[in-house]
There are 2 protein chains.
Amino acid sequence: MSCLTLPLGLPLEDIPELHESQMFTLLRKGDALFKQGMPFTGLFLVRSGSLKQVSTTSTDESLVTAYAMPGDLVGLDAIGQNAYPGTTLALETTTVSVLPQERLSELGAQLPALRQQLCRNLSQEVHNERLMLRLLLRRTAEARLAYFFVAMSERFRRRGYSPLRFRLALSRIDIGSYLGLTVETVSRTLARFHKQELLRSSGRDFHILDLEALSRLAEASGRRGGA
Amino acid sequence: MSCLTLPLGLPLEDIPELHESQMFTLLRKGDALFKQGMPFTGLFLVRSGSLKQVSTTSTDESLVTAYAMPGDLVGLDAIGQNAYPGTTLALETTTVSVLPQERLSELGAQLPALRQQLCRNLSQEVHNERLMLRLLLRRTAEARLAYFFVAMSERFRRRGYSPLRFRLALSRIDIGSYLGLTVETVSRTLARFHKQELLRSSGRDFHILDLEALSRLAEASGRRGGA
DNA sequence: CGACCTTTTGACCTTCGTCAACCTTAGTGG
DNA sequence: CCACTAAGGTTGACGAAGGTCAAAAGGTCG
């Protein structure tokens with residue numbers, strides 16, 4: 001879904017911390033990696049499991065704003081205000097590697113390429129989010145969900161997992177929150193997908209039957225609103 | 001609306017190019033500052049007038065994705081893919097200062113603070129857009145528009161202009177596109193605001209009568225979808 | 001002045017949020 | 001191991017918000 005948490009271009013191989021296996025942190029389901037508002041202390045690389053970021057707005061709404069899976073870098077959006085902009089919770093048993101801020105600064109000084117890549121990733125992400133969300137803004141529930149699963153599929157594919165069968169630790173409530181829909185609508189739409197033989201879901205396991213058609217749905221159906 | 005185009009923290013004072021008055025580029029209404037897909041050549045600082053960024057998606061929809069007014073920095077979202085992600089058009093007679101890429105690199109090397117600030121602005125922006133749009137995703141047309149005008153008001157205020165009376169060169173179509181609404185809905189909602197004595201609009205001139213109430217509207221009315 | 005665009009207003013109909021009931025899964029303690 | 005509970009998920013009925021279509025009224029520019 002988001003390139004922020006998918007920094008494929010980053011020369012992460014150059015960072016020993018992230019590849020030496022002893023420095024893992026273990027989280028159990030429901031544990032917080034960090035809480036909203038905590039001062040920025042560093043970035044995290046997800047090794048196994050998955051997490052969701054929940055941001056609580058000034059009006060006390062909590063929104064799921066990101067989903068991180070193995071290989072994703074978590075915490076980049078904290079750099080701006082030097083604090084984590086949302087609470088990040090483990091959705092299952094999860095391990096992460098830590099990249100402390102000091103080390104990040106050092107590395108930034110040593111490797112200009114890293115800094116540059118980081119900037120690029122951020123810039124890219126700004127545009128992605130803008131476009132994606134503005135697109136979602138004028139899409140039906142059907143298209144939003146189709147888009148969501150196509151994006152997830154792509155994400156799994158890039159990691160070398162099956163793009164057609166995967167498990168999402170997110171609840172329907174979380175998915176709804178992420179897409180701006182109610183649980184009921186998510187549920188009903190998934191039922192429709194099932195009936196149309198597009199996507200079969202059982203609990204948190206998903207099986208895409210017709211990626212082509214889903215992609216078309218994601219792009220096609222929408223409300224108007226030219227420029 | 002967006003902090004990307006409002007980089008108040010940037011030490012722009014240190015960049016002579018942006019403050020020597022001879023280096024202006026003049027654009028007439030409808031002129032493109034750059035077109036979508038063009039390779040990144042530099043950033044622009046808006047001196048007078050205003051511009052809109054229009055991004056055309058793979059499905060041929062054009063979405064207004066940003067609005068730039070005097071003081072805004074334009075082009076930051078091009079750094080990621082080394083190309084401008086949208087066409088930027090002058091909405092009226094507009095002047096901009098140019099900050100070419102080479103100069104930007106030089107400056108980045110000389111002033112680490114600049115680079116850092118740039119990164120921070122980008123990171124901040126990622127989070128802002130995420131939150132803002134995800135919030136809009138679950139808001140009624142009324143709340144979206146209220147939010148839009150409150151944000152605009154704030155933006156004018158910061159620049160030293162009146163936060164209650166201002167002119168937006170955007171058409172209703174553009175505003176609709178920006179917020180994911182149809183023209184008709186924008187028009188009808190503005191009519192309602194007028195009737196409720198919240199916001200008076202005549203053409204492209206806007207006069208906020210009750211900022212308090214608008215803010216409340218922006219936050220309150222919404223659909224559900226917890227986390 | 002006339003062509004064209006933007007804006008407004010009305011009538012209609014779809015989508016999806018809301019409320020409510022019910023079912024299923026997972027976790028707990030006897 | 002099973003009963004109980006709670007959370008998550010599904011399904012139906014209903015209504016409101018807003019998209020769609022249509023038409024008319026301003027505005028703007030040639």
Side-chain angles (χ1 to χ4, degrees), chain A residues 28-30 52 61-62 64 89 91-93 135-146 148 167-195 199-206 217 220-227, chain B residues 28-30 52 61-62 64 89 91-93 135-146 148 167-195 199-206 217 220-227:
Chain A
R28 306 221 156 272
K29 183 175 174 179
K52 67 173 175 181
E61 289 160 279
S62 4
V64 175
L89 300 168
L91 291 166
E92 54 198 314
T93 301
L135 215 62
L136 285 185
L137 218 48
R138 72 191 62 244
R139 287 279 189 269
T140 61
E142 192 173 66
R144 290 186 200 184
L145 272 160
F148 175 77
R167 170 165 241 283
L168 290 181
L170 291 168
S171 71
R172 316 272 142 135
I173 297 180
D174 291 333
I175 296 175
S177 173
Y178 192 75
L179 297 173
L181 300 170
T182 59
V183 205
E184 292 94 324
T185 302
V186 172
S187 184
R188 268 190 267 269
T189 307
L190 285 179
R192 205 170 336 133
F193 284 170
H194 191 121
K195 209 172 299 173
L199 169 70
R200 186 139 311 176
S201 56
S202 149
R204 301 189 177 181
D205 292 310
F206 297 90
L217 263 190
S221 51
R223 290 85 171 268
R224 205 44 28 78
Chain B
R28 305 219 158 273
K29 182 175 174 177
K52 66 172 172 181
E61 290 162 279
S62 2
V64 175
L89 300 167
L91 291 165
E92 55 198 311
T93 301
L135 215 62
L136 286 185
L137 217 49
R138 70 191 66 245
R139 286 279 188 271
T140 62
E142 192 172 64
R144 291 186 199 184
L145 272 160
F148 176 78
R167 169 166 241 280
L168 290 180
L170 291 168
S171 71
R172 315 272 141 135
I173 297 179
D174 291 333
I175 296 175
S177 173
Y178 192 76
L179 297 173
L181 300 171
T182 60
V183 206
E184 293 94 323
T185 303
V186 172
S187 184
R188 269 189 266 268
T189 308
L190 285 179
R192 204 169 339 133
F193 283 170
H194 190 122
K195 209 172 298 171
L199 169 68
R200 186 138 313 177
S201 56
S202 151
R204 302 189 175 182
D205 293 309
F206 297 89
L217 263 191
S221 50
R223 291 87 169 267
R224 205 45 30 76

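By convention in this document, chain letters (A, B, ...) are assigned in the order of the sequence lines, proteins followed by strands, and residues within each chain are numbered from 1.
- Nucleotide C:dT7 holds its P atom 17 Å from the CZ atom of B:Phe193, rounded to whole Å.
- Salt bridge absent: A:Arg167 and A:Glu92 never bring a charged side-chain N and a carboxylate O closer than 4.0 Å.
- Considering every non-hydrogen atom in both A:Arg144 and A:Leu136, the closest pair reads NE-O, 3.2 Å.
- Between the NZ atom of B:Lys52 and the P atom of C:dT6 there is a distance of 8 Å, given to the nearest Å.
- Not counting sequence neighbours, the partners of A:Thr185 by the side chain to side chain donor-acceptor pair (under 3.5 Å) test are A:Thr182.
- Look at A:Arg188 and A:Glu142 and you find no salt bridge, because none of the NZ, NE, NH1 or NH2 atoms lies under 4.0 Å from a carboxylate O.
- For the pair B:Leu190 CG and C:dT8 C1', the computed distance is 11 Å after rounding to whole Å.
- Nearest-nucleotide assignment on DNA chain C puts the 5′-proximal partner with B:Ser201, out of B:Ser201 and A:Thr189.
- In terms of phosphate contacts, B:Arg139 brings no side-chain nitrogen or oxygen within less than 4.0 Å of OP1 or OP2 of D:dA17.
- The interatomic distance linking A:Leu91 (CG) with D:dG8 (C1') rounds to 14 Å, in whole Å.
- In this structure, B:Ser171 contributes its side chain and B:Asp174 its backbone to a donor-acceptor pair below 3.5 Å.
- One interatomic measurement links the two molecules: CZ of A:Arg172 to C1' of C:dC16, which rounds to 18 Å at whole-angstrom precision.
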Anything under 3.5 Å between a protein N or O and an N or O of nucleotides 26-29 of chain D, put it in a table, one pair a line.
none

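- Residues passing the salt bridge (charged side-chain N to carboxylate O under 4.0 Å, His left out) test with A:Arg204, sequence neighbours excluded: none.
- Nearest heavy-atom pair, B:Leu91 versus B:Lys29, reported as atom, atom and distance to 0.1 Å: O-CG, 3.6 Å.
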Would you tabulate the nitrogen or oxygen pairs shorter than 3.5 Å linking the protein to nucleotides 11-14 of chain D?
{"residue": "D:dG12", "atom": "N7", "partner": "A:Arg188", "partner atom": "NH1", "Å": "2.9"}

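- With rounding to whole Å, A:Asp205 atom CG is found 13 Å from C:dT25 atom P.
- Taking side-chain N and O atoms only, B:Thr182 has a distance below 4.0 Å to OP1 or OP2 of D:dG19.
- Recorded end-axis angle for the helix from C:dC1-D:dG30 to C:dG30-D:dC1 stands at 50°, based on five pairs per end and rounded to 10 degrees.
- As a whole-Å value, the separation of B:Leu179 CG from D:dA17 C1' is 16 Å.
- Annotation: the span from B:Leu181 atom CG to B:Ile175 atom CD1 amounts to 10.0 Å, rounded to 0.5 Å.
- Listed by chain and number, the residues in a side chain to side chain contact (heavy atoms under 4.5 Å, CB included) with A:Arg172 are A:Val183, A:Val186, A:Leu190, A:Ser201, A:Phe206 (sequence neighbours excluded).
- Pairing each heavy atom of A:Ser177 with each of A:Val64, the nearest pair is OG-N, 2.9 Å.
- Atom pair B:Lys195:NZ and C:dT8:C1' shows a separation of 12 Å (rounding to whole Å applied).
- Contact between B:Leu217 and B:Ala143 at its shortest, heavy atoms only, is O-CB, 3.7 Å.
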